[in-house]
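Structure, as structure tokens:
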Amino acid sequence: MKRTLVIGAGGQVGTELVVALRALYGQENVLATDLSTDAAATLGGPFAPLDCTDGEALLAAVRRFRPHTVFHLAALLSVTGEQRPRLAYRVNLGGLVNVLEAARSERSAVFFPSSIASFGPSIPLDRVPQEAAQRPVTMYGITKAAGEMICDFYHLRFGVDTRGVRFPGLISHVAEPGGGTTDYAVDAFREAGGRGAYTCPLRPDTQLDMMYMPDAVRAVIELMEADPRRLAHRNAYNITAMQFTPRMLAAEMRRHLPHFRMDYRVDPLRQGIADSWPRRIDDSVAREEWGWKPEYDLAAMTAEMVANLRRRASASSDAPNPHPTVPR
Ligand code: SER
């Protein structure tokens with residue numbers, strides 16, 4: 001049975017990826033690690049505290065557990081990266097190099113999540129192809145574009161089995177994201193379940209690629225299980241599932257929650273970041289090379305997110321302030 005080690009397991013992707021990996025490979029074969037020990041309680045199972053910027057500790061953990069694959073998910077997201085560029089550089093790139101060195105030493109494969117943020121405004125931002133100039137203008141995007149190249153370097157120079165995807169904005173109801181530009185979509189659902197209204201920091205017509213977390217988790221696992229002979233583009237594959245604007249999201253949410261309101265107070269930092277990213281990426285190469293295919297579009301994702309809000313609302317119906325706007 002495959003052994004896997006997840007770094008940043010307590011984050012938005014990690015929380016759900018760990019569950020999926022444990023279902024697939026067995027509880028004991030998935031070591032969840034995170035800087036914060038709070039994640040231990042949420043994730044259960046084998047857990048170890050780990051700071052990816054500590055190369056020696058990381059190598060020791062990989063030596064002890066001997067994973068077939070390291071899933072390296074620890075990173076600062078786009079908004080936090082603009083506010084704390086040195087920390088973003090240290091975690092997003094320093095951490096990655098530590099992972100790659102450990103993987104090289106212990107012969108592990110590595111999954112590295114890149115992002116739509118690895119592209120920048122110097123190219124046409126509609127249907128951005130797999131191979132397009134990457135001139136990101138955010139610190140987050142710079143660490144992702146450079147990370148892709150460093151992963152390629154470790155593959156070409158040392159034979160490390162590195163693979164990655166360029167994730168769009170990820171939407172989930174399990175763990176909250178933090179510090180990202182596309183987080184507005186998750187926040188909108190959360191606020192819909194709270195006060196029934198959301199003030200969006202992006203203009204109503206800002207279109208970005210998005211994906212529901214079950215598709216994202218499946219993409220990671222399918223890519224790492226794919227036949228390496230088919231993978232001409234390893235780091236990293238464009239993948240997408242849907243494109244929407246805040247206005248489109250609000251309209252879809254109102255089909256389930258007719259009283260939901262979205263208003264707008266544009267945050268120049270977030271708007272500037274979003275404007276520098278693709279409106280849509282072309283994921284045909286991932287479809288060809290490893291059979292990528294999303295299952296959730298805007299309608300299916302919204303229906304599930306609202307159903308989960310309702311479940312949560314009825315579970316907390318005894319609480320003093322239940323979610324009043326979500327009909328039960
Ligand atoms: N979701 C990320 C962010 O908004 C982009 O990959 O920062």
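Given the structure is predicted, the values throughout are model-derived calculations rather than measurements. Both counts, for ligands and for their atoms, begin at 1 and track the order of listing.
- Judged by distance alone, with hydrogens and angles left aside, the side-chain atoms of Gln271 form a donor-acceptor pair with the main-chain N or O of Arg203 at under 3.5 Å.
- The nearest pair of heavy atoms linking Glu82 to Ile273 is CG-CD1, 3.8 Å.
- Between Arg195 and Glu191 there is a salt bridge, since at least one side-chain N of the basic residue sits less than 4.0 Å from a carboxylate O of the acidic one.
- Side-chain N/O atoms of Ser78 and Thr181 include a donor and acceptor closer than 3.5 Å.
- Within 4.0 Å of ligand 1, the residues that place a heavy atom are Leu77, Ser78, Ser115, Tyr140, Gly180, Thr181, Thr182, Trp277, listed by chain and number.
- Side-chain N/O atoms of Ser284 and Asp282 include a donor and acceptor closer than 3.5 Å.
- Lys293 and Glu222 are not joined by a salt bridge, as no carboxylate oxygen comes within less than 4.0 angstrom of a charged side-chain nitrogen.
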